[in-house]
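Okay, structure first, notes after.
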4 protein chains.
Amino acid sequence: MNTFGHIFRVTSFGESHGPAIGGVIDGMPAGIEVDENFLQCEMARRRPGQSDLTTQRQEADNVELLSGVFEGKTTGTPIGFLVRNTSQHSADYDNLRRIFRPSHADYTYQTKYGLRDHRGGGRSSARETITRVVGGAFAKMALRQLGITVQAYTSQVGDIKLKHDYKAYNLKLAEYNAVRCPDQVKAQEMANLINAMRLEGDTVGGVISCVVKGCPAGLGEPVAGKLGLGFAGAAGRGSEQNDAFVPDGASRITTASNNSGGIQGGISNGQDIYFRVAFKPVATLLREQRTVDMDGNAVDFKAKGRHDPCVLPRAVPVVEAMTAMVILDNYLLNKTTHL
Amino acid sequence: MNTFGHIFRVTSFGESHGPAIGGVIDGMPAGIEVDENFLQCEMARRRPGQSDLTTQRQEADNVELLSGVFEGKTTGTPIGFLVRNTSQHSADYDNLRRIFRPSHADYTYQTKYGLRDHRGGGRSSARETITRVVGGAFAKMALRQLGITVQAYTSQVGDIKLKHDYKAYNLKLAEYNAVRCPDQVKAQEMANLINAMRLEGDTVGGVISCVVKGCPAGLGEPVAGKLGLGFAGAAGRGSEQNDAFVPDGASRITTASNNSGGIQGGISNGQDIYFRVAFKPVATLLREQRTVDMDGNAVDFKAKGRHDPCVLPRAVPVVEAMTAMVILDNYLLNKTTHL
Amino acid sequence: MNTFGHIFRVTSFGESHGPAIGGVIDGMPAGIEVDENFLQCEMARRRPGQSDLTTQRQEADNVELLSGVFEGKTTGTPIGFLVRNTSQHSADYDNLRRIFRPSHADYTYQTKYGLRDHRGGGRSSARETITRVVGGAFAKMALRQLGITVQAYTSQVGDIKLKHDYKAYNLKLAEYNAVRCPDQVKAQEMANLINAMRLEGDTVGGVISCVVKGCPAGLGEPVAGKLGLGFAGAAGRGSEQNDAFVPDGASRITTASNNSGGIQGGISNGQDIYFRVAFKPVATLLREQRTVDMDGNAVDFKAKGRHDPCVLPRAVPVVEAMTAMVILDNYLLNKTTHL
Amino acid sequence: MNTFGHIFRVTSFGESHGPAIGGVIDGMPAGIEVDENFLQCEMARRRPGQSDLTTQRQEADNVELLSGVFEGKTTGTPIGFLVRNTSQHSADYDNLRRIFRPSHADYTYQTKYGLRDHRGGGRSSARETITRVVGGAFAKMALRQLGITVQAYTSQVGDIKLKHDYKAYNLKLAEYNAVRCPDQVKAQEMANLINAMRLEGDTVGGVISCVVKGCPAGLGEPVAGKLGLGFAGAAGRGSEQNDAFVPDGASRITTASNNSGGIQGGISNGQDIYFRVAFKPVATLLREQRTVDMDGNAVDFKAKGRHDPCVLPRAVPVVEAMTAMVILDNYLLNKTTHL
């Protein structure tokens, strides 16, 4: 199952060391202006080698559009696209052909499918997120016409955290540093931590926060297609956490705290949608680790090649892209609620 | 969208104050023995009025099976079922017809659909979880034949938390107290907190933990149907968190820490699957709250009727049910990975 | 798989001799007035015993609505419904427990599922079409607001055929005779043939024609969700069959012949949609037939009970219902083609 | 909606005059040997220019596989593929930019989407069937391992028909003539008719028949995923058409007539599956036709370029491909009927 979405659907394919990564965007609304420059900028935010905090692999990641666009506009037919894999050093992975790396998908893919492309994680590579960024860029082109914006930023790396929620920051500043954190001081601390990890051959996780502004009330499908939030508030009381409605002039309604994060009963309530996504540390360490090979023998191994010590900076556009696709999908789906 | 699952699919219907709650289970494997006694026991774990910690509404919640079962076995055809709503005091909600309760779905339903059944939350009522418990009971009947068990328990209420993960407890003890916590001392503290909340007209949230044992490796769909975990580990390092593979005799492989929670790359690895689910405090307080009515005027209101001060005890079987459905669905889906 | 449709979806359950037949309508637009009288009239058109041409089983087939309707309007939430099975003479089928009736689904169900409810065809009974008539009645309630009508009629029974297509007849007359044929003379011939079949213990097939009027252009999904037509025209030439466009004043466009039946490239073109559905003769004969039992032995058997010698008269509302559901589903889906 | 299938799913993209046609095959079983030579042969059966009966466009239609294959075997991950469009004479279509050709999809696409790629039919071009042939070739590679074969052939062109059903012919002979008809005399008549049509600038339709051999009983989903047949038999009687079961030694069961075409109640019964598909005449004539332009004015136009006078010869592999995909999809789905 490699298809996301109900109306706006992205089907992806590709392994990190095969010929290409790509996909099909189906259900894109017709008549939307295609901004190829914007698409390529979104790709640049995700691509390797963009700063000294990320892997030094250099991949241009140019997107080739194969269909669904005519004279600069979407036609409503499916948009096929692909990105060639050009900077693959497959030999870096020769020693992994028969080894199951810890906390990677090597063992589970081998067990599930009976065989696997061992080079660079194959299908389980983070390179698969290219398809999400492409899908997200098209979703953003449509959302832009609706006045809906999606912005994510790094709010935690290791134990370095932003103190406040999104309202305390000028989120545009997030793109001014390599970590993609809107607080420049914290950003520097996070960068220092990531660099320290790199020097130790270690890795670190974190949290990305995401805000959707301008989303109308009424999106989301109660029961099986809920928009939703997370762990915040498990420890609290109803009297502290309830999100009171307050009049907002001109018969509009707003809420006092937005503790609901813009979602109530799985449906958007017109407030900013706000949520966080946790990332575990990257599993690939540049130091020796103990593991097991395909014959069940204990072995030592050490990863070769060029890897991210922290995935957060490059994951920010991926979180935005996934969010944009979900919002557009629900926007379209909600149009069917009434005749 | 009121259908869960891909192969094993449950479609639900029903409002809390309509004639009935029910649904259709489609994709149930054929030839499974139907244990109606077990089904009714699962319902009893979810039903209101089972202890002094829960709402005092008394609902028998008897499940009527309408199809798909013949001479005590599933036939492979869809299983229709329903539970009549019998103890509804709809008049308790008359004052809510034009009011949007804070942190409820009243406003979002009204905005999305243009009208709503205001009685008892209508479709957004927790009573909808009946359909999940029924679906989960059938899933468990199938999983039982595969040696797969699912057990959930309350691991946190408000700020009272279990100190250890599931391996430190005898989980069977969870069903010996009204909170469904396997540590009897903590269970008593949790019960005291819930009762204190009730006396104050307040509510409290918490966390449910869930363990799946006996699940074979290979279940889960990478990319768009991933089994998955959560927030734990955002702060840590790869060198601490990687889940080393170790030989386990007889060419089996196990992992040292199970930090992966039994899932790697979205696919089960044969270890125990372990995850947590957070619940916010119940939104219905038995004290006066400020809110807004349908005309945009600020109003005070106070809920009437019989409500749960904490949903956790009754949510434990719901978490198990959802989990059982997901595992069975992925088990069946995984059969299609090979010819 | 017991769900039809993409946006407007009907999931059905039920065996002919179980407790009930029913289903869930999901994706019904909100705010549509529910005409229960109309619903019951549609059921009456399908029910057994309505004339001497159909089976003499007497089933009231009252529909009970369980959810999704509030104060006379649809709420946008799923509509659960059921029809109790009340007139089942299960003993009529005792002799069929171990026999595979020719051209029935007994053998295929047994082979597929390993067991089956042998009473009255179980899940494969035509009684399952109840759920389609209910779904279709709700679809018609929505289509009515859009000015779209669906009408089917019997155009062939055995070798007795209407000479012309739908434009030659006053289709309202179809409901004035038991066969549901708009030509009263042909209707009488068809009725005579059906009665002759009954006396011989034999059965006969036929063709139902269906017309959709008022359907806007643009419905249908090219490629995988095409609206479509049929076998007519395999023998002809392009120069005879092409359906020329002609100006129609006020910048409207119409076609000269409607040879396309209202569909071009899988999409409605604004002309009447017109198609035919063939029905094979009912497989249940009231005479002795040779077949095989579950042990592979040749045996003779004779059906007992009350059966239709011709299914066409009762299938007319089923064809309409299926059509109405498809049109509404495509109408809703088409709303997502543009932002 | 550009995705076919439930488990084995093919998502397609591409316009005839865009950069490429392609798609994603998702749900392909793992570990199947990939026969690229066979794939290219299947493409050659569909491609233009293969005989003087078809369009003289010369397109190599080489398939590039982009993922999902590793060391000669399928990996169970999605297979991305594309075929470049190389022989497009887009200028041939300049005169069609503002014209709606009769019985084409120009008008319906324009109405549905508000814009369209007018060159060569765009998305509605028969060139889209490339994706089906690729999907079908992979399905056949899997079916081959199960001993299931699919063969189609031309059984009618215009009013020239084969007299008998498939059992009367050596179907292998179908590939020995350009029409793909197993009766060489009829094939010559059909070829003569097609050539006559070409000379007149006219076109002709026909019927393709298809046989599936070796399909086990039990495939197909009753109710919403039925395998199914067609119009044959509307005129007959049950006593003539019922398909009697007969013992077949060794506790196997067969049927006497296979009037059911291998399908009963929507499920395969282990007999040969046999059905026919009708094709209307190609809509593009090489003679002047009257139609309407985008301003609603009546205009005359004449198609330019290279077109098929009869689509049947090239549609035979497409019918096989669609059938192979449906059979494999149902084979995989049926594996989930039991634990």
Roughly how far, to the nearest 0.5 Å, is the OG atom of A:Ser67 from the NE2 atom of D:His17?
-> 14.5 Å

Which pair of non-hydrogen atoms, one from A:Phe13 and one from D:Pro78, has the smallest distance, and what is that distance?
-> CA-CG, 3.8 Å

Is it true that atom CD of D:Gln145 has more than 12 heavy atoms of other residues, nucleotides or ligands lying nearer than 6.0 Å?
-> yes

Check ion pair A:Glu71-D:Arg119 (N to O, under 4.0 angstrom) = no

Quick one: which of A:Gly68, A:Pro29, A:Gly22, A:Gly27 has the most heavy-atom pairs under 4.5 Å with chain D, could you say?
-> A:Gly68

Looking at D:Lys112, D:Glu64, D:Lys73, which one has more heavy-atom pairs under 4.5 Å with chain A than the rest?
-> D:Glu64

side-chain contact (heavy atoms from CB on, under 4.5 Å) between A:Glu15 and D:Phe70, intermediate numbers included | CA-CA 10 Å; A:Glu15 281 81 40; D:Phe70 184 61; over 6 Å; no

Does A:Asp26 use its side chain to pair, donor to acceptor, with the backbone of D:Asn2 at less than 3.5 Å?
-> yes

Answer key: most heavy-atom pairs under 4.5 Å with chain D among A:Ala30, A:Pro19, A:Gly31 is A:Pro19

Option that, when pairs with chain A are counted at under 4.5 Å, heavy atom only, ranks first among D:Gly114, D:Gly18, D:Gly80 = D:Gly80

All heavy atoms of A:Met1 vs all of D:Arg9, minimum pair found to be CA-NH2, 3.3 Å

Which pair of non-hydrogen atoms, one from A:Thr75 and one from D:Leu115, has the smallest distance, and what is that distance?
-> CA-CD2, 4.0 Å

Approximate separation, where rounding is to 0.5 Å, of A:Asp117 CG and D:Thr77 OG1 = 8.0 Å

Contact origin within D:Leu65 toward chain A - heavy atom pairs under 4.5 Å = backbone

Evaluation steps, side-chain contact (heavy atoms from CB on, under 4.5 Å), between A:Arg84 and D:Leu66 | CA-CA 9 Å; A:Arg84 296 277 169 188; D:Leu66 300 170; 3.8 Å; yes

How far does CD1 of D:Ile25 sit from OG1 of A:Thr11, to the nearest 0.5 angstrom?
-> 12.5 Å

